[in-house]
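Quick caveat, the model's predicted, so the values are computed rather than measured.
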Amino acid sequence: MNSSTINFFRPTVRGFVGAMAAVCAGCSTPPGEIFPPLERPLVWPASQDVPRIRYVGQLATDADLKPGISGLKRMGIALFGKPPIQSMLTPYALCTDGGERLFVADSNAQVVHVFDLKTRRYLRWQPTGEKFSQPVGIAFDPTRRRLFVADSVAARVFIFDDHGKSIGSISSDVLTRPAGLAFDAASDRLFVADVAAHQVLAFDGDGKPIARIGSRGSGPGEFNYPTNVAVDSQRRLYVSDSLNFRVQQFDAELKFVRQIGKQGDMPGYFAQPKGLSVDREDHLYVVDAQFEAIQIFDVTGQLLLDFGGEGHGAGQFWIPAGIFIDEHDRIWVADAYNRRVQVFDHLKEAPQ
C-alpha cells in the first residue's frame with residue numbers, strides 16, 4: 001500500500017470514529033440501583049410483627065455493581081465487544097473497609113475481589129510478584145488503612161495498603177495454617193485462627209506475636225481445628241472451634257469465659273460452625289456450613305434467632321463460609337458454593 005493510499009484511508013477512519021463518537025455521545029446510561037427492593041420483602045422471623053433480619057440483595061459478578069455506561073465506553077463496546085464478566089469462584093471470607101468497599105477472599109480463584117459500591121469499580125488484588133495459594137481469611141485495619149489476608153497453604157498473612165500494594169507479611173515462622181482473621185482496632189491487635197496448630201494467635205499492630213492461646217483438646221480453652229475468630233465492642237474474643245462443634249468466648253485478657261453451643265441438629269447446636277461476626281449490640285452471628293444457616297446468640301450464649309436454609313434462592317445458602325457485619329449493621333455473607341455474596345440488614349425496629 002503506497003503513501004497516497006494510506007493518506008486516503010486516514011481521514012476515512014477519523015471520520016468513522018468521529019461519527020461513532022457523535023452517535024454515542026447521547027447514549028450514556030446512568031448507574032443502576034445495586035440492591036433494588038423486592039416486591040415482597042424477605043424478612044426473619046416471618047411469623048412475627050417485628051422482623052429482625054431483612055434480605056437486601058446479592059453480589060456475584062462485577063456487573064452487579066451496575067455502573068453507568070458513558071457514550072465513549074458504549075462506542076468501545078460497539079467496536080470491540082463487551083469485556084468478559086468477572087465472577088467469583090469460591091468466596092470464602094469477606095470484610096469492608098469501613099466505607100463502601102467490599103473485600104472478598106476467593107480461596108479457589110486465589111484472588112481478593114474488590115467491589116467499590118460508591119465508584120462502581122471492580123478490582124482484583126494479588127501480592128506483588130506473587131500469587132495467593134489459598135486465601136481464606138481477611139480483615140481490615142481502619143486506623144492504618146491496611147488489609148490483612150490469610151493464605152492457609154502459604155502459611156502467611158499478607159498485608160496490603162489502602163490502594164492494594166503489598167507492604168509486608170506475617171511469615172510461616174510463627175504460623176502453621178492460618179485461617180480466620182479479626183482485627184481489634186481498640187487494642188490494635190490482629191487475631192489469627194491457626195487451624196493446624198489448634199491455637200489462636202494475637203499480633204500487635206506491627207505484626208509481632210504478643211499472645212497465643214489454646215492447644216489441641218476438648219476442654220475449656222482447648223481447640224480442635226479452630227477456623228474463625230471475631231471480637232466484640234468489649235474486646236471479647238469468639239473462636240469457632242469447628243471440630244469441637246462449638247464457639248468459645250474469651251474476655252479481653254483472653255481468659256476463657258464460656259462455651260456456646262455443642263454438637264447436634266437442633267436450634268442452638270452446631271454441625272460445622274465457621275464464620276463469626278458481631279453486630280453493634282454485641283449479638284454473635286455464627287455460620288453453620290452444614291446446616292446452611294446463620295444462628296444469632298446474645299452475649300451469654302442464648303439463641304435469639306436463626307435464618308437461611310439450603311438452596312439457591314434469595315436468603316438460601318449452599319455451604320456458606322464467612323460473615324462480616326459492618327458499622328451500619330449490614331450483614332455480608334460469603335455464600336461459597338452459590339458463588340456469591342448475600343447481603344442482609346439487622347433491623348432494630350420494624351421497617352416503616
Side-chain angles (χ1 to χ4, degrees), residues 92-93 107 134 136-139 150 152 155 157 174-184 189-203 209 211-232 234-278 282-304 306 319-325 333-334 336:
Y92 200 87
S107 60
Q134 193 169 49
V136 294
I138 200 162
S152 61
V157 174
V174 290
L175 296 170
T176 306
R177 198 171 182 88
L181 304 178
F183 189 83
D184 178 26
R189 292 186 296 178
L190 175 71
F191 292 95
V192 182
D194 195 324
V195 179
H198 309 285
Q199 294 180 327
V200 173
L201 286 76
F203 297 85
R212 184 187 296 261
I213 60 172
S215 59
R216 191 168 193 182
S218 57
E222 297 177 334
F223 304 116
N224 192 19
Y225 295 98
T227 56
N228 290 270
V229 286
V231 181
D232 69 13
Q234 302 303 309
R235 297 170 54 194
R236 288 178 289 242
L237 174 69
Y238 297 87
V239 182
S240 188
D241 190 7
S242 294
L243 291 191
N244 277 327
F245 311 102
R246 64 185 180 182
V247 173
Q248 294 196 62
Q249 182 192 74
F250 299 83
D251 64 18
E253 304 303 320
L254 303 182
K255 298 294 194 309
F256 173 81
V257 176
R258 63 172 53 87
Q259 170 182 318
I260 299 173
K262 59 182 179 180
Q263 186 175 17
D265 58 4
M266 298 289 289
Y269 291 71
F270 297 120
Q272 195 177 358
K274 284 192 172 182
L276 303 175
S277 194
V278 292
D282 283 342
H283 299 142
L284 173 69
Y285 294 63
V286 185
V287 174
D288 196 306
Q290 186 167 322
F291 289 159
E292 292 169 314
I294 296 168
Q295 299 190 76
I296 308 173
F297 299 84
D298 69 14
V299 73
T300 68
Q302 296 298 308
L303 179 67
L304 301 175
D306 64 86
I319 312 183
I323 185 171
F324 180 79
I325 303 174
V333 182

message: Any heavy-atom pair between the side chains of Arg177 and Asp194 that's under 4.5 Å?
response: yes

query: Rounded to the nearest 0.5 Å, how far does CG of Leu303 lie from CG of Leu284?
result: 10.5 Å

- request: Please report the C-alpha distance between His283 and Phe297 in whole Å, then the side-chain angles of each, then the deciding distance to 0.1 Å, and finally whether the ring-ring contact (aromatic ring centres under 6.0 Å, His included) criterion is met.
  value: CA-CA 6 Å; His283 299 142; Phe297 299 84; over 10 Å; no

- prompt: Looking at Val195 and Pro226, what are the two nearest heavy atoms and their distance?
  reply: CG2-O, 3.1 Å

field: Note, Gln134 side chain near Tyr92 side chain (heavy atom, < 4.5 Å)
entry: no

- prompt: Is there a side-chain contact between Val192 and Val229, using heavy atoms and a 4.5 Å cut-off?
  reply: no

query: Okay, side chain of Asp241, backbone of Asn224: is any donor-acceptor separation there less than 3.5 Å?
result: yes

field: For the student: nearest non-hydrogen atoms of Leu276 and Val239, plus distance
entry: CD1-C, 3.7 Å

task: Flag the pair Tyr225 / Arg216 as yes when at least one side-chain heavy-atom distance between them is below 4.5 Å, and no otherwise.
output: yes

message: Minimum heavy-atom separation for Pro320 and Ala289, please, with both atom names.
response: O-CB, 3.4 Å

Side chain Glu222, main chain Ser215, donor-acceptor under 3.5 Å: no

- prompt: Considering only heavy atoms from C-beta outward, does the side chain of Asp288 approach that of Asp306 to under 4.5 Å?
  reply: no

- prompt: To the nearest 0.5 Å, how far apart are OG in Ser277 and OH in Tyr238?
  reply: 11.0 Å

- prompt: Do Phe191 and Leu254 touch side chain to side chain, with heavy atoms closer than 4.5 Å?
  reply: yes

message: If I take atom CD from residue Gln302 and atom OG1 from residue Thr300, how far apart are they, to the nearest 0.5 angstrom?
response: 4.5 Å

query: Would a 4.5 Å heavy-atom cut-off, applied to side chains only, mark Val299 and Arg236 as touching?
result: yes

Side chain Asp298, main chain Leu304, donor-acceptor under 3.5 Å: no

message: Nearest 0.5 angstrom please: Leu243 CG to Ser218 OG, how far?
response: 12.0 Å

- request: Please check if the side chain of Ser240 supplies one atom and the backbone of Pro273 the other of a donor-acceptor pair under 3.5 Å.
  value: yes

message: When you measure from the side chain of Gln248 to the backbone of Gly221, do you find a donor-acceptor pair of N or O atoms at a distance under 3.5 Å?
response: yes

message: Would you compute the distance between atom CZ of Phe270 and atom CZ of Arg246 and round it to the nearest 0.5 angstrom?
response: 11.5 Å

- prompt: Crowded around Tyr269 OH? As in, over 12 foreign heavy atoms under 6.0 Å?
  reply: no

- line: Tightest non-hydrogen contact, residues Ala179 and Ala150, listed as O-CB, 3.2 Å

message: Rounded to the nearest 0.5 Å, what separates atom CG in Asp282 from atom CG in Asp232?
response: 4.0 Å

message: Restricting to non-hydrogen atoms, name the atom on Val136 and the atom on Ala93 that form the minimum distance, rounded to 0.1 Å.
response: O-CB, 3.4 Å

Test log, rule salt bridge (Lys or Arg N to Asp or Glu O under 4.0 Å), inputs Lys255 and Asp251: CA-CA 5 Å; Lys255 298 294 194 309; Asp251 64 18; 5.9 Å; no

- request: May I have the step-by-step check of side-chain contact (heavy atoms from CB on, under 4.5 Å) for Asn228 and Val287, ending in yes or no?
  value: CA-CA 10 Å; Asn228 290 270; Val287 174; over 6 Å; no

query: Is there side-chain contact between Phe203 and Val174, with at least one heavy-atom pair below 4.5 Å?
result: yes

- prompt: Where do Ile319 and Glu292 land on the side-chain contact (heavy atoms from CB on, under 4.5 Å) test, with the steps shown first?
  reply: CA-CA 6 Å; Ile319 312 183; Glu292 292 169 314; 3.8 Å; yes

